[in-house]
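Position 1 is the first residue of the sequence; numbering continues from there. Counting starts at 1 for both ligands and their atoms, in listed order. This is a predicted model, so every value here is computed, not measured.
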Amino acid sequence: MAPASSHVTVKSTALDFRHLRGAPEEFSTFCFNFVDRLQVEGYVAVENHPWTGNKVGGLFEISQKFFNLPDEIKKHAGRRKGQEGNRGWAYVGEENVSAITGFAAGVLSEQNLEDLKETFDMGKVDDSELANLWPYQADLPGFRHLMETAFESGHHILLQLLRALAVGLGLSEDAFTKQHNCRHHEFRLLHYPAVPASALKSGESARISSHTDFGTMSFLFQDDVGGLEGESLREEGNYLPLRTERKDVMIVILGDMMMRQTNGILRALPHRVTLPSTASINAEGEEWAPERFAIAFFGKPDRDVWLEPMQAFVDESNPARYDGVAAGDYDRSKLLRLY
Ligand SMILES: O=C(O)CCC(=O)C(=O)O
Ligand SMILES: [Fe+2]
């Protein structure tokens, strides 16, 4: 299906979030470029969004403080055994993403790699199905407040980008936003400790193995260490670096639930974190990857939303490629493989 406003020129730099509130021409140019980049490159960089500058800076700062706490203290927020969702702190090696490599395509990988990362996940504040887990307030004052505030504003950023996506695809403005009322998203801090390069080359461990995100739309922030790569949509198996000039430039990618609803017109981007080019040789002559921090917001529809290819993307020559499934069931079935 042809995106709306196909006369607009595509720019190659980051898109300017302020255009979503700009004149109608700016708004439609943003929507067109947003869809075009996602279709052609599989990702799009966005700047001048509400987290620009201090907000992202503050999140990286508190993330560093959290992960620097001793494991004994982080354990207060440790994920619980049998927990059906991502909440709290997961230690290095607890969540292993190679278990879901190929999940969306229905071809699971045989590989069983240990992830050399630790994470902290939270969801909506009053989720009766899945409670958030926090360290003691005295151990990291302000952490919970900052995370909860960012989660709420992340929800609103997501809604604006989902609206732009719908408009860019020629759908009604609320086609996706109306599926995202309950805030069933996840907000994640990631820390990849410094490791010898040999660990990432051994075939036994990875920073994070190739995967697609589960939900509709994710946004990512990273420090300047590097190593994040996305699979080229033109050449299977060819991974290209996803770089940002500054920590507060947001990389937007799509997840499985958007791919299913658009009948594959928009693809969920396979991505991974590998040995960065910033790896260096230490005094003992060993190559080391420096520690890396990243932040991710995973937008997910309400758990009871029925996901199936939308009418606009299905016709005789493009039959539905995906069965219908409830968002919550899809999410759970993929998530349970991770731990
Ligand atoms: O560390 C990153 O930049 C990406 C993390 C990621 O892809 C994930 O947690 O799903
Ligand atoms: Fe991811």
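Looking only at distances, no side-chain donor or acceptor of D302 sits under 3.5 Å from a matching main-chain atom of D304. Using modelled atom types, no side-chain atom of D248 and backbone atom of E47 make a donor-acceptor pair closer than 3.5 Å.
Contact atoms of ligand 1 toward D213: 10 (O) (distance under 4.0 Å to a heavy atom of the residue). Which parts of ligand 1 touch F298 is read off a 4.0 Å heavy-atom cut-off, strictly below it: atoms 8 (C), 9 (O), 10 (O). Within the listing of ligand 1, atoms 5 (C), 9 (O) sit less than 4.0 angstrom from a heavy atom of L190. Applying the 4.0 Å criterion to heavy atoms of A294 picks out, from ligand 1, the atoms 1 (O), 2 (C), 3 (O).
Looking at Q222 next to ligand 1, no N or O pair under 3.5 Å apart turns up.
Partners of R144 under the side-chain contact (heavy atoms from CB on, under 4.5 Å) rule, at least two apart in sequence or in another chain, are W134, E148.
Using a 4.0 Å cut-off between charged side-chain N and carboxylate O, E26 and R21 make no salt bridge. At a threshold of 4.0 Å, the pair R234-E41 counts as salt-bridged, since one of the basic side-chain nitrogens sits closer than that to a carboxylate oxygen.
The residue A296 has no part lying near ligand 1, judged by heavy-atom distances below 4.0 Å. With a 4.0 Å heavy-atom cut-off, ligand 1 is reached by no atom of T119. Proximity of I208 to ligand 1, defined as any heavy-atom pair under 4.0 Å, is confined to the side chain (atoms from C-beta onward).
Regarding atom 5 (C) of ligand 1, its nearest protein heavy-atom neighbour is Y192 OH, 3.7 Å. Of the protein's non-hydrogen atoms, the one nearest atom 3 (O) of ligand 1 is R292 NH2, 2.9 Å.
Residue V44 forms a side-chain contact (heavy atoms from CB on, under 4.5 Å) with just one option from N33, L38, L161, and that option is L38.
For the pair R272 and Y239, the cation-pi test (distance below 6.0 Å, angle within 45°) is passed.
Checking E229, H271, E95 against atom 7 (O) of ligand 1, the nearest heavy atom belongs to H271. Scanning K117, H211, R188, H191 for the heavy atom closest to atom 9 (O) of ligand 1 points to R188.
Shown here for K300 and D331, the closest heavy-atom pair between the two residues is NZ-OD1, 2.8 Å.
Aromatic ring pairs are classed by plane angle as parallel below 30°, tilted from 30° to 60° and perpendicular above 60°; the pair F143 and F66 is parallel.
At the Fe ion (ligand 2), the vertex angle linking OD1 of D213 with NE2 of H211 is 90° (nearest 10 degrees).
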